[in-house]
Amino acid sequence: MTQRRAILSGSTFEERIGYARAVVDGDRVHVSGTTGFDYTTMTISDDVVEQAEQCLRNIGAALAEAGCGFADVVRVRYMLPDRADFEPCWPVLRRCFGDVRPAATMLECGLADPRMKIEIEVDARLPQAS
């Protein structure tokens, strides 16, 4: 039987909507769409690049709690209300994913809160124990 474990970040969205920041299912880690909110203060920057940086901090924390890191990411999805905001984020995204080269998709779509300018979702695999 596959072990399943939920990882919570403390975001009020998780409680209100009913989801986990990430789910570890066997050797797979699924990180929910993660926005640029600082979950300790529930504040968000107006700048898309700063939001991307915070998204990655939030994702990094979830991956670490799961037992892996950015090097273990196999899939990433970027969601932005305005596709013109994507390119300014590339240097930040490249720092985390440039050497890893996960499969990636960018979608232009509405997000849950008009303050949100980017949402990032990743899937990873736990490193094999040696």
Side-chain angles (χ1 to χ4, degrees):
M1 179 175 232
T2 302
Q3 295 219 351
R4 183 180 184 279
R5 176 171 58 103
I7 295 172
L8 304 176
S9 70
S11 162
T12 58
F13 295 123
E14 294 167 11
E15 179 64 30
R16 287 183 197 162
I17 300 169
Y19 70 97
R21 173 64 38 223
V23 173
V24 180
D25 185 23
D27 70 342
R28 299 187 184 272
V29 180
H30 308 279
V31 181
S32 294
T34 302
T35 65
F37 272 94
D38 177 332
Y39 297 131
T40 58
T41 62
M42 287 309 290
T43 58
I44 192 166
S45 170
D46 289 334
D47 181 74
V48 69
V49 175
E50 288 177 22
Q51 284 192 28
E53 290 170 345
Q54 184 63 50
C55 287
L56 295 170
R57 283 191 292 275
N58 294 339
I59 290 167
L63 291 171
E65 189 170 337
C68 61
F70 287 106
D72 303 298
V73 172
V74 297
R75 181 80 164 120
V76 61
R77 291 170 194 86
Y78 305 106
M79 294 151 278
L80 297 94
D82 183 353
R83 67 178 170 244
D85 282 340
F86 189 46
E87 190 169 352
C89 297
W90 290 358
V92 171
L93 304 174
R94 190 170 40 252
R95 280 198 303 269
C96 288
F97 301 117
D99 291 336
V100 180
R101 303 291 175 110
T105 301
M106 187 289 243
L107 301 166
E108 183 178 39
C109 60
L111 299 178
D113 183 312
R115 296 173 292 174
M116 297 172 180
K117 297 184 178 190
I118 186 169
E119 185 168 335
I120 303 172
E121 173 185 282
V122 304
D123 296 313
R125 295 194 65 178
L126 293 173
Q128 298 298 314
S130 44

Reported [atom1]-to-[atom2] distance for the pair [X] and [Y], which is rounded to 0.5 angstrom:
X: Tyr39; Y: Glu14; atom1: OH; atom2: CD; result: 7.0 Å
X: Thr35; Y: Met116; atom1: OG1; atom2: CE; result: 4.0 Å
X: Cys89; Y: Ile120; atom1: SG; atom2: CD1; result: 7.0 Å
X: Asp85; Y: Ile118; atom1: CG; atom2: CD1; result: 8.0 Å

Any donor and acceptor pair, going by atom type alone, linking the side chain of Lys117 with main-chain N or O of Pro81 inside 3.5 Å?
no
Any donor-acceptor N/O pair, Thr34 side chain to Ser32 backbone, under 3.5 Å
yes
Find out if a path of hydrophobic residues (ILVMFWY) with successive side-chain heavy-atom gaps under 4.5 Å connects Tyr78 to Trp90.
yes
hydrophobic_cluster_shared for Val24 and Val122, side chain cutoff 4.5 Å:
yes
Donor on one side chain, acceptor on other, Ser11 and Arg16, under 3.5 Å:
no
Got a sec, which pairs hit salt bridge (charged side-chain N to carboxylate O under 4.0 Å, His left out) with one end in residues 49-62, sequence neighbours left out?
Glu53-Arg95
Once salt bridge (charged side-chain N to carboxylate O under 4.0 Å, His left out) is applied, what residue pairs with a partner in residues 98-116 remain, sequence neighbours excluded?
Arg83-Glu108, Asp113-Arg115
Check whether any side-chain heavy atom of Met79 lies under 4.5 Å from a side-chain heavy atom of Leu111, and answer yes or no.
yes
Search all heavy atoms of Ala71 against all heavy atoms of Val100 and return the closest pair with its distance.
CA-CG2, 3.6 Å
Locate the shortest heavy-atom distance separating Val31 from Glu121; write the atom from each residue and the value.
O-CG, 3.2 Å
May I have all residue pairs that pass side chain to side chain donor-acceptor pair (under 3.5 Å) and include part of residues 58-68, sequence neighbours excluded?
Gln54-Asn58
Quick one: do Gln51 and Ile44 satisfy side-chain contact (heavy atoms from CB on, under 4.5 Å)? Show the steps, please.
CA-CA 7 Å; Gln51 284 192 28; Ile44 192 166; 3.6 Å; yes
Pair Leu63-Asp72, side-chain contact (heavy atoms from CB on, under 4.5 Å): steps then yes or no:
CA-CA 9 Å; Leu63 291 171; Asp72 303 298; over 6 Å; no
